[in-house]
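Predicted model, so just to flag it, every value in this text is computed and none were measured. Side chains included, hydrogens not; waters and symmetry mates left out as well; all remaining heavy atoms used.
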Amino acid sequence: MSRTCQVTGRTPSAGKNVSHSHRRTNRWFEVNVQSKRYWLSSENRWVRLRLSAKGIRTVDRDGIESIVARLRAAGEKI
């Protein structure tokens, strides 16, 4: 899937636009996915991840080493 955060797993969700007359039409709530590079010092290389804004804050909080270990344990190739 294209707009998916690798850390949090967030994907686009559907909802409704509600006009002034209260007529409802379908719409998408897209995920704020950004491609970000992190230096992985244990492997002496850069790692590129597709992260949402919340995923970036999670990496800043927990550290890139633990996030990469968690992704590899889940079976994702990095």
Closest non-hydrogen atom pair between Gln6 and Leu71, with its separation:
O-CD2, 3.1 Å
I need the full list of salt bridge (Lys or Arg N to Asp or Glu O under 4.0 Å) pairs touching residues 21-30, with sequence neighbours left out, sorted by first then second residue.
Arg3-Glu30
Is there a side-chain contact between Leu51 and Gln34, using heavy atoms and a 4.5 Å cut-off?
no
Can you measure from OG1 (Thr8) to CZ (Arg57) and round to the nearest 0.5 angstrom?
10.0 Å
If you measure from CG on Leu49 to CD1 on Ile78, what distance do you get to the nearest 0.5 Å?
5.5 Å
One should read off an interatomic distance between Trp28 CH2 and Thr11 OG1, to the nearest 0.5 angstrom, of 8.5 Å
Check this for me: does any side-chain nitrogen of one of Glu43 and Arg72 sit under 4.0 Å from a carboxylate oxygen of the other?
yes
When you compare the side chain of Asn26 with that of Lys16, does any pair of heavy atoms fall below 4.5 Å?
yes
State, with a plain yes or no, whether a side-chain heavy atom of Val59 is found less than 4.5 Å away from one of Tyr38.
yes
Verify, without hydrogens or angle tests, whether Ser52 (side chain) and Gly55 (backbone) share a donor-acceptor contact under 3.5 angstrom.
yes
Reported OG1-to-CD1 distance for the pair Thr58 and Ile64, which is rounded to 0.5 angstrom:
11.0 Å
Looking at side-chain heavy atoms only, is the closest gap between Lys54 and Cys5 below 4.5 Å?
no
